[in-house]
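Here the structure comes first, spelled out in C-alpha cells, and everything after it is commentary.
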Amino acid sequence: MEENNKKDTSKPNEEEKSLDKIKDKDKDKVDKVSGCGCLVSILVIIICIVAFHSCGSNKKVDKNNTKQTTVQQKQEVKKEETKKEVKQEETKQELGQLFKLSDIKNKSQEEVNTILGQPTANRQEKWNYYDTKEEAPNCFVNIYNKNNMEIEVFFIDSKAARITVTPKETIASSNINNILKMFYLSFDNPDLANKFGMHWNNQFGVYEFAVNFQDEKVTFIHIILDEKYK
C-alpha cells in the first residue's frame, strides 16, 4: 500500500513539470509575438514621421514654386504692359517729318525757304566764333512753322548754322524714335542720356544733336550743324 501511495504522489510532480514547460514555451511565444509587435509599431511610427516630413517639405517646395511662378507672371505682365504703353504712346504721337539735316546744313536763306516755306518772323543776331572770338558777319534768325513745330534757323555768314525746334504741343520723352524720324533719322545709341535729355556728338552728319527733356516731356531740340558754329 505504501508503495502505491508513493507512486501516486510522484505522478502529480511529473505532470506539474510538464505543465511548467508548456507554460514556459507559451511565455516565450508571447514574448516573441509582443517583441515583433513592438518592432512593427516602431516601424509604423517611423514611416508615419518620414511621410509627414516629406509631405511638409513637398508643401514648402510647392509654396516656393508657386511664389516664384507668381513673381515671374507679374514681371511678364508688367513687361507686356510697358510695351503696350510705349506702343500706344508712339501711336498717339505720330509726328510729321520736318526736313533732312543735310538739306539745311550750310544752305542759304533762299534754299532753306524752299524746304520750310516762308519764315513767319525774323530778327538780327550777333555771333562770335569760339576760337578767334571774332564777330561773324550776316547773322540773323528766321522762324518757321511746320507740323506744330516752331523752327528757328540761325544763319551765320548767311549760311544755316544752328537750328532750334520747339514743339507747340506736348511730346513724351519716351517717343524718341518718332522724334528722330521727323529728321529722317533712325535711333542710335546717344553719347549722353539722362532724365534731362539725349545728346549725340558727331553723328547724323552734324556736330551736335540734342533732345532736351523736362518732366518726361520734350522741351526743345537743338542742332549745331557744323563744329565751327558751336
Original post:
What heavy-atom pair brings Lys126 and Phe154 nearest, and what distance separates the two atoms?
Top reply: O-CZ, 4.1 Å

Original post:
Checking side chain to side chain contact (heavy atoms under 4.5 Å, CB included) for the pair Lys230/Glu208: CA distance, chi angles, key distance, verdict?
Top reply: CA-CA 8 Å; Lys230 68 180 181 179; Glu208 182 179 302; over 6 Å; no

Original post:
In terms of the angle between their ring planes, are His222 and Phe220 parallel, tilted or perpendicular, with boundaries placed at 30° and 60°?
Top reply: perpendicular

Subject >> Short side-chain to backbone donor-acceptor contact, Asp157 and Lys159, under 3.5 Å >> reply: no

Subject >> Closest non-hydrogen atom pair between Ala193 and Met198, with its separation >> reply: CB-CG, 4.1 Å

**OP:** Hey, could you give me the OG/NZ distance between Ser173 and Lys217, rounded to the nearest 0.5 Å?
**Re:** 8.5 Å

**OP:** Mind checking the OG1-CE spacing from Thr164 to Met149? Nearest 0.5 Å is all I need.
**Re:** 13.5 Å

Original post:
Roughly how far apart are Gln203 CD and Asp191 CG, rounded to 0.5 Å?
Top reply: 5.5 Å

Original post:
Is there a path of hydrophobic side-chain contacts, each under 4.5 Å between heavy atoms of I, L, V, M, F, W or Y residues, that connects Ile163 with Val211?
Top reply: yes

**OP:** Heavy atoms only: give me the nearest Tyr144-Gly117 pair and the separation to one decimal.
**Re:** CE2-O, 3.0 Å

Subject >> Listed partners of Ser102 passing side chain to side chain contact (heavy atoms under 4.5 Å, CB included), at least two apart >> reply: Lys100

Original post:
Where do Ala172 and Ile179 come nearest, in terms of heavy atoms and distance?
Top reply: O-CD1, 4.2 Å

Original post:
If you measure from NZ on Lys105 to OH on Tyr229, what distance do you get to the nearest 0.5 Å?
Top reply: 10.0 Å

Original post:
Are any non-hydrogen side-chain atoms of Val141 and Val153 less than 4.5 angstrom apart?
Top reply: no

Original post:
Is there a side-chain contact between Trp127 and Arg162, using heavy atoms and a 4.5 Å cut-off?
Top reply: yes

Original post:
Should Ser108 and Glu111 be marked as a side chain to side chain donor-acceptor pair (under 3.5 Å) after you check the CA-CA gap, both sets of side-chain angles, and the distance that decides it?
Top reply: CA-CA 5 Å; Ser108 65; Glu111 290 173 308; 3.2 Å; yes

**OP:** Would you mind reporting whether Asn106 and Leu225 have side-chain heavy atoms less than 4.5 Å apart?
**Re:** no

Original post:
Would a 4.5 Å heavy-atom cut-off, applied to side chains only, mark Lys181 and Leu95 as touching?
Top reply: no

**OP:** State, with a plain yes or no, whether a side-chain heavy atom of Thr219 is found less than 4.5 Å away from one of Phe213.
**Re:** no

Original post:
Given the rule that I, L, V, M, F, W and Y join up when any side-chain heavy atoms are under 4.5 Å apart, are Ile224 and Ile104 in one cluster?
Top reply: no

**OP:** With sequence neighbours left out, write down each residue that passes side chain to side chain donor-acceptor pair (under 3.5 Å) with Glu152, or none if nothing qualifies.
**Re:** Arg123

Original post:
Taking side chain as C-beta onward, heavy atoms only, is Phe187 less than 4.5 Å from Asn189?
Top reply: yes

**OP:** With rounding to the nearest 0.5 Å, note down the distance linking CZ in Phe140 to CG in Asn122.
**Re:** 8.0 Å

Original post:
Does Phe196 CZ have over 12 foreign heavy atoms under 6.0 Å away?
Top reply: no

Original post:
Given side chains that start at C-beta, do those of Phe155 and Lys107 come closer than 4.5 Å, heavy atoms only?
Top reply: no

Original post:
Taking the side chain from Asn147 and the backbone from Gln97, do they hold a donor-acceptor pair closer than 3.5 Å?
Top reply: yes

Subject >> Residue Glu216 excluded, over 12 heavy atoms near CD under 6.0 Å >> reply: no

Subject >> Under 3.5 Å side-chain donor-acceptor pair for Asn142 and Gln109 >> reply: yes

Original post:
What about Ile143 and Ile223, same hydrophobic cluster or not, with Ile/Leu/Val/Met/Phe/Trp/Tyr joined at side-chain heavy-atom distances under 4.5 Å?
Top reply: no

Subject >> Same apolar cluster: Leu185 and Tyr207, side chain cutoff 4.5 Å >> reply: no

**OP:** Mind telling me whether Trp200 and Phe209 have parallel, tilted or perpendicular rings, with 30° and 60° as the class edges?
**Re:** perpendicular

**OP:** Evaluate ring-ring contact (aromatic ring centres under 6.0 Å, His included) for Phe204 paired with Phe183, printing each intermediate quantity in order.
**Re:** CA-CA 10 Å; Phe204 310 134; Phe183 305 95; 9.3 Å; no

Subject >> side chain to side chain contact (heavy atoms under 4.5 Å, CB included) involving Asn145 - partner list, sequence neighbours excluded >> reply: Thr120, Glu150, Lys168

Subject >> Check: Leu180 main-chain N/O paired with Asn177 side-chain donor or acceptor under 3.5 Å >> reply: no

Original post:
At what distance, to the nearest 0.5 angstrom, does CD1 of Ile151 lie from OG1 of Thr166?
Top reply: 9.5 Å

**OP:** Check whether any side-chain heavy atom of Asn212 lies under 4.5 Å from a side-chain heavy atom of His199, and answer yes or no.
**Re:** yes

